Each structure stands twice: as structure tokens, then as C-alpha cells.
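What follows is a short report on a single structure.
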Amino acid sequence: MSDGQSPLRVLEALLFAATEPLDEATLARRLPADLDVAALLAELQAVYAPRGVNLCRVAGKWQFRTAPDLQYILEEERQEVRRLSRAALETLAIVAYHQPVSRAEIEEMRGVGLSKGTLDLLMEIGWVKPAGRRPVPGRPIVYGTTDGFLEHFGLAEIGDLPGVEELRAAGLLARSAPPTRVAGGESLPMPTAVDSSEDA
Amino acid sequence: MSDGQSPLRVLEALLFAATEPLDEATLARRLPADLDVAALLAELQAVYAPRGVNLCRVAGKWQFRTAPDLQYILEEERQEVRRLSRAALETLAIVAYHQPVSRAEIEEMRGVGLSKGTLDLLMEIGWVKPAGRRPVPGRPIVYGTTDGFLEHFGLAEIGDLPGVEELRAAGLLARSAPPTRVAGGESLPMPTAVDSSEDA
Amino acid sequence: MNDPEPLPQPTDFSESDPPRETAAFVVSLDGFDGPLDLLLNLARQQKVDLKSLSILRLAEQYLDYIAAARRLKLEVAADYLVMAAWLAYLKSRLLLPEPAAEEGLSGEAMAALLQLQLGKLETMRKMAAVLMAGPRLGLQVFQRGQPEGIRVLRRSLFECSLSELLSAYARQDQHRAAVAQLRLAPPPVFAIEAALQRLSALLGGMPDWATLEAFLPADLRTAFDRRSALASTFAASLELAKSGRVALRQARPFGPILLRRPELP
């Protein structure tokens, strides 16, 4: 680190100055071509690991962030956030863990209709986005999480969601079998009415 | 630095997250009372001195800043491809075919005044350069093309430009056009006003 | 960050108090987000893990709850009634011996379906809480407060092809040709050549000094024509004086210019 233009110094400066997380390709463009950016980032991450500022991988990109254990110190920096309704929270969790997921599937999982505002609010916050359509009759829109979601919750990728492996192993993330409910009344009843108290 | 809540870590996080430079009193309020904030800041400054990010004192307050020698990293050149105006294109063509040629001769040939910016732009791009003065009353500056011009248009030398006869054969020149020489021959009325729409 | 964390302990998510004992309570459905939510709340009263939950007992609890609500003439939303009907059916399937030749799901399978559904919902509630409690940007962890950002320097790169250049040349060449054809009228000046001719012709008949003006053409209409003729005639007189064909005289600065045939030696 003593030589003037060491690549770690350059990486440090770039990541400190950036207003948003940077991906490796962007970083590589600013460095000599023959450098292993991934290895340098790992090295920088290790250098900063014990410090008050850490190098984090979020949404597949890199960003310096304050160490999580110092949150009590930084209370004054806290940004006011709007409180989400329980419906919005559950919907967010369902979209995150079950994506891509349709509105009907969210309603089925929660056993209650979803008011229009709930998904809209999550999209407005920038955590949820439409992610195509499911190739089934009716071609319903399916939803997924955004990079903004990963950045906000400090996740490198969606597979880093807490407990995702265990939940999958426990069969709790499997999509329910395609509706065989035509035959009899055996399958669980589907929600019909939208609960008007759902508004987020 | 190894203990979890070392004051240097706290200072680091505070200065990193702050939206403005912080003074020592503000920093002291966030730290245990018995600490020498000035000494800690000096220590932190020393830690960061060789790095890509430095701790700087500005107007009595403290702030992390990208190291001055790495400022160039934070500048991104973005090239925008632009097209030449008609006036600039014609002027360039006249300079190429009739060099060395004076401003007055260009105006005479185009039948319209040349705005100041047009020749300046061509010189700034690096395609046209002054090429001495003509030994006539007023000693006007004459212009010619540069090596950069030849490179850009893929010409080994200026003689590689298609000749007037070839242009005519290619249908680019009107057959009726009499072959006019610039310097001598019949001279055309001189333009008087500069066409303001000519700006390159 | 990649280590799977152990699942968190169940958290109480309900924003309103869950119904207390089935006997004497105020029946209200306002606090529930649908029948599954009510079922989860009832299940929690069994104080067991969802996996060892008695679905039969849960079904009875739910039916009691809905019955109580209806006894109190509370409005019960259709969703809750549909679930009640389904649970009543489930209960009968669980209590009665399974028919031999069975179509569709068995009572046990139906119970497992409900159990899984409740498990999924409860899990999502837990995960929502975990997510919201985790280190979130701007709440527990912070990005740099004053990033310098990357300054963008814009630089223009001019693009021009050879054919564009040639077309431009051709275009202005045609323009020039058009201009040349339009401008055939002679310039409105009195040419020096014409002045020379006129002066030479007139000098023969001028034995004595005469002013320059006397040699100007007679048909000068405008001041410009007059100035042009004067200048050309003066230039012509100098030209003739140089070759000794005229004598010039001016008595004082800006005085009249006189000329005559030179005296023969």
C-alpha cells in the first residue's frame, strides 16, 4: 500500500467517491487491464473488515458502508422511514422468498385478497418490480425484488436472504402444486374479497 | 483497532456517514467523555494518510476526501459524437481542395461570409491549421489541412483526394460547372455580411 | 453473510390482541387479515410447534369462533364462512373412516395441506420481521454521507466521412457555378482601362492645362459613378505620366489637378 498509485488505493478512492454501489466491470475499466479486480476487492474487504467502515457486496456490486455494530452511534443519521402495514410486510417477504410470484399466489399464501395499494406501495418504494408474465392461461404478471431491495437490506444476491436454504429444505418455499382444486372441495379455499383494511 | 468498539472505529463511521464536515465538539459528543478527540483524529489521519481516502481538516472541521493525487480517477471523459455543420463541412472541403487558401477566398467561393467559429472549430478538431501568409497586400493568413485530417479520412497524402474530374465522373460535380481557379481568373463579388446562421 | 442463520424464534406479529379463551371473549374479526390469519392466531393458542399442531382441534376452535361471532350477530365476511365450511368438511373427513375407493385428497392430506399453508404464512411473517430488523441501509448501516461522485467531462468527437466531405465540396462547387452564371453583369465601376482609353483620346485636343474633371465621362448618374470615374481617371493619368504621355500639375495640396499634353522637346 505504500506505492503511490497502488490499485487498492484507486479502488478505495473510487468506492468512497461513488454515489452508488459499483460493479466489478465499472471498477475494472478504471484500473490497469491486467489486474484481478475480484481478488483486489477481496483484499480490500479484508483490510476494512475490522474497521468502522466495511466494504460490502450488495446486489452484486460493491459499496463502503458503516459497520453494522456501530448503528447506535449513528442514530442521528437515521433517515425517517415510513412504517409498513403488516400486509405490506408480508407481501414483501412473499415476493422476496417466492419470486417470481403473481398477485393471486400472494393472496393464496396470505389467505386474503390484496388491496391494490399494497403492491403499488412496494413498487413505489423501489423494492418490488414486475418481472414478466407467467406462461399460463391469463398470463398473470409476476413480481420480483429489485436491486434497490438488495441494497437496502444489504444482500449481495437474492440467495443471501436469511434462512433461504433452510426454508427451501423444509419445503416452505415450494410453490403449491398447480391447482387440482377443480375436482372437489379438498384444496384450501381461495380468498375472494379484498380486505379493505389492507391499505398500506 | 482490534477491539470491537474502538473509538477510532466510531470516528471512522461517524465521519464516513456524515453529510457535512464534523467539528471536534460534535465528534466528542458521540464518544466516551474522557477521550482526547484531537489526538484520536490525528491518529486516524495518520492511518489514512497513505491510502486512497484521506482524513482532511477543512475550515476547522473533519472530513474524508479522496486523495488529491487520485482526483483524476473521479473524472470520466465521455465522448459525444457530433456532426459538422454544413458550413464547416464546406469550409473543410474548400480548404482541402484549394489549400493554401485564405479566409476571404473561402468566403468568395462559398458566396457567403464565414462566421468566426467555423475555422476555429476545424482547427480545434485538428483538421485545419494556419499555413503561413500570402504575399499580397494585407498579407492574409492562409489555411491548409493537417496530418490529423489525412489520418481521419484515411488518406496517405492530400493528392489522394479524388480529383475534380473524378468527382465529376462520379456525378458529384455538375458537368456545367466551369473549372474555376481560386486565385486568378474571373473573380466573384465578395461577400459582405457574415451569415449568422453559419455557426458551426 | 452467506451462513444460513438459524430460523428466528416465532414473533408475535398480531397488532391486536389475539382472542383469549373460547368461552368468554369479545368476538371480533376486525383484527385479522383473513381466515388464515385467524387460524394462525388460534394455532398459537395451542402453544405447540405448527408441525405438532392438532388440525382437528384447530378446526373446532375456528368453527367455535365463527359460531360465537354469528351468535353475536356480527357480520362475518364471506371468506371466513368459506373457510368454516371447508374446515367443517375437513373435520368430518378426519373423524369418519376414510371411504375405501377414494377420490381426491384424504382427510389427512387435507390437514397436511392446511398445516403447510399455515407454516408458509407464519414463515413469511417471521422473515418479514427478520428482514425489517436486519442491518438496513440508512437505518443501521450508512453509505458515505458526502460522496464526491464521478465528474463527467464531455468531449466532442466530430465524425465526418470522406464521402460527406466530397459531397460538401460538390455542393458548394455547384453553388459556385450557379453564382458564377448569375453574376455575368459587369461591375458598375469605371475601369482603369476605359479611363486610359478616354484620356489618351482626349489629350490630343487639349493644348493647354485642363482640370482632371474635364476628362470625366458626361453620363455619370450617381455620386458613386462619379467617384469611381474620378479615381480611375486619376490612376490613368498617373499611368500616362509615367510613360511621359501627359504632364501633371497641382499648385497646392488638395488643389485642382491640371493636365495637358507634354511639351515636345
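What you see is a predicted model; the values in this text were computed from it and never measured. Numbered from 1 within each chain, the chains take letters A, B, ... in sequence-line order.
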Most heavy-atom pairs under 4.5 angstrom with chain C, which of [options]?
{"options": "A/G171, A/A93, A/G159", "value": "A/A93"}
{"options": "A/E151, A/Q71, A/Q63", "value": "A/Q71"}
{"options": "A/R65, A/E20, A/M109, A/H152", "value": "A/H152"}

Q: Assess the side chains of C/S54 and C/Q46: does a donor N or O sit below 3.5 Å from an acceptor N or O?
A: no
Q) Between C/F32 and C/Y65, what is the ring plane arrangement, given parallel below 30°, perpendicular above 60°, and tilted in between? A) perpendicular
Q.
Just so I understand: if I count every heavy-atom pair under 4.5 Å between each of C/G134, C/P135, C/A77 and chain A, which residue has the most?
A. C/P135
Q) Checking heavy atoms, do the side chain of A/R30, its backbone, both or neither come under 4.5 Å from chain C? A) side chain
(Q) Less than 4.5 Å to any heavy atom of chain C: does that hold for the side chain of A/F16, its backbone, both, or neither? (A) both
Q | A/R86 and C/D37 ion-paired at < 4.0 Å | A | yes
Q) Are C/L121 and A/E90 close enough that some pair of their side-chain heavy atoms sits under 4.5 Å apart? A) yes
Q. Is the number of heavy atoms from other residues, nucleotides or ligands within 6.0 Å of CD (C/E108) greater than 12?
A. no
